[in-house]
Each structure stands twice: as structure tokens, then as C-alpha cells.
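The model shown is predicted, which means the values in this text are computed figures rather than measured ones. Counting starts at 1 for both ligands and their atoms, in listed order.
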Amino acid sequence: MTDNKENILKLEKYGIGGVVLKSLFEEEIIIEKQSNLKRMTSGGFLYPETVEFYEFDEGPRESTIEYLNLIRELKKASAIPVIASINCVTASQWTYFPKEIESAGADAIELNLFILPSDLNRSAEENEKVYFQIIDEVVKQVKIPVAVKISYYFSNLATMIKRLSETKISGIVLFNKFYSPDFDIDTFDMTSGNVLSSPGDLPVSLRWIAIMAERVSCDLVASTGVHDGSALIKQLLAGAKAVQITSVLYKYGIEHVAKILEDLKNWMEKHKFSSIDQFRGKMSQSKSSDPASYERIQFMKYFRGYQSNT
Ligand SMILES: Cc1cc2nc3c(=O)[nH]c(=O)nc-3n(C[C@H](O)[C@H](O)[C@H](O)COP(=O)(O)O)c2cc1C
């Protein structure tokens, strides 16, 4: 959706506040010669999907040039902030590229950081250390704001979010949604899980935005499961500084942005709010009269009166 000017101008027309461009993979930045394909397929690389989908005859360098050209084009044609995005899992070789992104005119960089904690020989500390190494490397290359988009797969999520917020980054996006494998039980093939989110995916990020909102030293951005105006309002009430949407735009089209914003406007009028700051964080855990409810995780009480329909 955000790999071309047409869509982005359309998003702007319907009121979107800014765009995060489709992510470049760090491998795309690193690999400039086809000979490196051998190294990728030998299993040393961490993203098998780049091997699968990469157009090698096109030349990897091409995609990075196109990326920078898109940023330049957008900065001429559009007034909204353009945030470049990089999927990365190491702090080496590719980290010269953020400077090129900045020179092309991007307003910020989002680092999509995820190391699947599936390696039995790697400790949580080792995994976490990489996040800080990547941030250190990138923030020293650029002056524009840097944000990180993370998952909730940490052994102590609250501490990790807090520690990340105390680095030189400007924002943390909670949370990324990943490709998930699924099985076909008749053909025994691996299939792809749901690519798009559903409104039922909202509560995970809602809980963590609400818990962390007043406890961090950078902005928190909500992502995953925001499909309508009320979900947007909830994330703002939880304390989000910005809210990202993707799946809903694939589902209902880019025009849906206007509907979500209209719902927000109507709700603000109904509750006599004239600015978002008047209600941002109103429902965060630290402002709540019942802070324990944000940490309640068992259903005990709700099962008592629960009737099944079947
Ligand atoms: C088709 C598709 C492509 C995506 N591409 C990217 C990407 O390039 N980089 C990224 O960080 N996230 C990507 N995402 C994840 C979204 O940015 C977002 O984190 C996720 O879809 C959850 O938000 P949602 O519930 O609003 O869809 C993609 C999601 C979809 C559905």
C-alpha cells in the first residue's frame, strides 16, 4: 500500500496524518551483488522470505534506489510526514543506509526489529542486546527521529519497553503483527495464517499502551487491530501519541480513513473535546481508579455467569 506515490497521495487526500513506507529488509541494503545469494541460501541469513521473493535479475541495489527516489518524489508531491522503514536483525553493514534515507528527505525512520526467540542456545539477554546495538548504530548516523516497532515476545516486556524508551529513540510502536505459519490438515502443507488483523486483535496493544503510557521516556504508537473510530479513540485514551492502521485499509479501501476520522470528530464533539490532548491518556493505567484491572489476566470472575450458546 505504501510503496507507491499514487496510494500515498490518496491516503493524504482522505486525511491520513503520515505514512510509513513499506519496509526495506536489511539484506536488500547489504546485498549489492548477486554472488551474495549463495551466502543467503546457505542458511546464514535470518529472513528466508527475502530469498524466496527477491528479484535477483533486477539487482538488489535497484530496490534501495527506488526507495530513495520514492522518498524524494513524495517530499515534493505531499505535505504529510514520510517515515522510512527498515526490517533489521543485526547492527552491521546496512547501517550506512539511514543517512541516505535522511538525505533523501524522509521525516523519520522506523526500525522494524524482531528476532524470533526460538534459538535454544541464545539467552534473552543476548537477544535483547541486539536491539540496543542497532539503535545505537542508527541514532548516531542521523538527526531525524528514529522509532522502533517491536513485538511482545520479551521475557519482561514492561522493562524492555522502558529501557528502549530511555535510549535516543523518539518512539516505540506497539506492536508489530507477524507472518504466522498455519497447516492444511488435508494436504499436510504449510500455509499462511491470517495476513490481515481483525478488531479482536486490538486488546494486546491497548493493554500495553495503557500500562506503559505514563512510564516511558518517548512516544508510544499503537498498532494492530485498529479497524474503526472507536478503536482509534481507545488507543488515544490509553495514551498513544499516534495510531497506525493497515489491515482495515486493505479490507475497506483507502477511503475508510475519512470514516475513521469522522467518527473521531463526532465523538470529540459529543464529549466536548476540542483537542486530542484533552483526552489523551485519560484511561491510562496510572490515571485509572482501578489500576489492577489492567493487569488482570485470568477469567475466573467471568466464567461464573458465562452461558454457552450451544
Ligand atoms: C499486506 C501487509 C504488508 C505489510 N508490510 C509491512 C512492512 O513492510 N513493514 C512493517 O513494518 N509492517 C508491515 N505490515 C504490518 C503492518 O504495518 C501492521 O504492523 C500490522 O498489519 C498490524 O496492524 P493492522 O492491524 O492495522 O493491520 C504489513 C501488513 C500487511 C497486512
Asn176: numbered ligand 1 atoms lying under 4.0 Å from its heavy atoms: 15 (C), 19 (O)

Looking only at distances, can you tell me whether any N or O atom of Asn87, backbone or side chain, sits closer than 3.5 Å to an N or O atom of ligand 1? no

Among Lys149, His227, Lys251, the residue with a heavy atom nearest to atom 12 (N) of ligand 1 is Lys149

Give me the nearest non-hydrogen protein atom to atom 26 (O) of ligand 1 as residue plus atom name, then the distance to 0.1 Å. Thr246 N, 2.8 Å

Contact atoms of ligand 1, heavy-atom distance to Ile245 under 4.0 Å: 26 (O)

Tightest non-hydrogen contact, residues Val257 and Gly15, listed as CG1-C, 4.0 Å

Report yes if the side chains of Leu116 and Phe178 come closer than 4.5 Å at any heavy-atom pair, otherwise no. no

Side chains of Asp277 and Ser275: is there a donor and an acceptor less than 3.5 Å apart? no

Considering only protein heavy atoms, determine whether one is less than 4.0 Å from atom 14 (N) of ligand 1. no

For atom 6 (C) of ligand 1, is the nearest protein heavy atom closer than 4.0 Å? no

What atoms in ligand 1 come closer than 4.0 Å to a heavy atom of Gly225? 24 (P), 25 (O)

Is there a donor-acceptor contact under 3.5 Å from the side chain of Ser23 to the main chain of Phe25? no

In ligand 1, which numbered atoms sit nearer than 4.0 Å to a non-hydrogen atom of Leu196? 31 (C)

Side chains of Gln93 and Glu26: any donor to acceptor distance under 3.5 Å? no

Ligand 1 N/O within reach of Ser23 N/O, cut-off under 3.5 Å: yes

Scanning both residues in full, the closest heavy-atom pair of Glu12 with Ala77 reads OE1-O, 4.4 Å

With atoms numbered from 1 as shown, which atoms in ligand 1 lie under 4.0 angstrom from a non-hydrogen atom of Ser197? 24 (P), 25 (O), 27 (O)

Between Gln235 and Ser205, do the side chains contain an N or O donor and an N or O acceptor separated by less than 3.5 Å? yes

